[in-house]
Structure formats: C-alpha cells, structure tokens
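The structure appears below as structure tokens.
In listed order, ligands and their atoms are each counted from 1. Residue numbers start at 1 and run along the sequence shown.
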Amino acid sequence: MTGSSAAAARTPRAALAELLTGNRRFVSGQPVHGHDVTAAAAVASGDQQPYAVLLGCIDSRVPLEAIFDQTFGSICVIRTGAHVLDRAVCGSIEYVVGQLGVPLVMVLGHERCGAVASAVDTLRTGERPGGSLAYVVDQIAPAVTEVGADDPRAHPMAVRRHVLRTVATLRADDLLSGPVADGRVDVVGAVYDLATGEVTLLDR
Ligand SMILES: [Zn+2]
C-alpha cells in the first residue's frame, strides 16, 4: 500500500481498512514497508498526516508499526503496559485526533500479556505490587474482576475485557466524545495473536 492511499484514509472506515490490509500483508509475510532512512527522509518535509493512532502494550513482541506494515508518517503509536490510560496518554490521543485530524483510534491488546497476568495474580493473591506498577495493575484490575479472577480463563478474557473498557473510556473522553458521536472519529478495540501475527477486531 502506498503512502498516498494511507494519506487518503480520512474516514474511520477507510482508516480501519488500511490498517487491517497492512496486518494481512504482515501475516502473509509480504510487507512492503522497510524501515530505512530513505523512508524517513521521504516524509521529512512538510507536515505529518497520520491516519490512525494506535494504543498498544509495551510488550517487545508487539511492535505496532511492524504488525500493521506501516511506514514513517502513517500512524501515531502510544504504548504503555497493557495499554493503560493516564492523562498523558489521553492528552496525546486528544492531540492526534483534534490537531492532526486523525479519524481512527485503535486499542490493541494481546495474548499472554504480562501486565494483565500481574493484575490477575494481584486479585488472586491479594499481593499488590509496589511503586508505580501498582497504578498499572489497578487500572487493569476492574477488567479481571468483571470476568472473575478465579476463572481458569481469567487471563484471556480479561485481555479482551480490558481492551473494551479502554475503548469505552476513550469514547467518553471530554474531547473525543463529540467527534465520536457525529461519526468523524471511531475508537475500536482489537487483540493481537502472538503466534499468527493476526489482529482480530472486538465487538463492542
Ligand atoms: Zn502486554
């Protein structure tokens, strides 16, 4: 997919199609975008025109530009443990949507997420981690509680529930709720399969 078609993805639907097409290229072993300096230089002049902002996990196995086969200038990426939100993350997404006119926000969880596992462990054992890691775990804990911490499938279910909770929070964000309500912006959730490389959208 060319940079020009990515730049043309100015609606939520077109932006989502562009992203998923990139994931199919990645899964099929036929990515078209290299990450060399010529690609960087090609978008160095002029303003950036990304078409999506992705919020994913810090997990080293989930590099967002790679799994969606995206090049320089096409997507904005934010990564925190289990895509946990804080004011800096929300403000960054508000900037991308409000100032850069990006029509799509995707929240991407993944299988075998260590941060979600920490939240499951915390609720099962009652042993809360120290430091700022406690904040991360606390943000994930409601999703674990909703699916049931003692359920044998608590982890995979909590991964999905936590994605959907993050999506709901962003859709209700002060500066995002208006554009979402009138259809200019969409916030979608998805899960990444570490083994196959496939991204699967979640129903709200
Ligand atoms: Zn993770």
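- The pair D59-R112 does not count as a salt bridge, with every side-chain nitrogen at least 4.0 angstrom from each carboxylate oxygen.
- Nearest heavy atom pair, residue F68 against residue M106, reads CZ-SD, 3.6 Å.
- For the pair L201 and L16, the minimum side-chain heavy-atom distance is below 4.5 Å.
- If you count the protein N, O or S atoms nearer to the Zn ion (ligand 1) than 2.8 Å, you get 3.
- Residue pairs that meet the ring pair (Phe, Tyr, Trp, His ring centres under 6.0 Å) test with at least one member in residues 137-172, sequence neighbours left out, are H83-H162.
- When all heavy atoms of V43 and G73 are compared, the closest pair comes out as CG2-N, 4.4 Å.
- Nearest heavy atoms, V53 versus V102: N-CG1, 3.7 Å.
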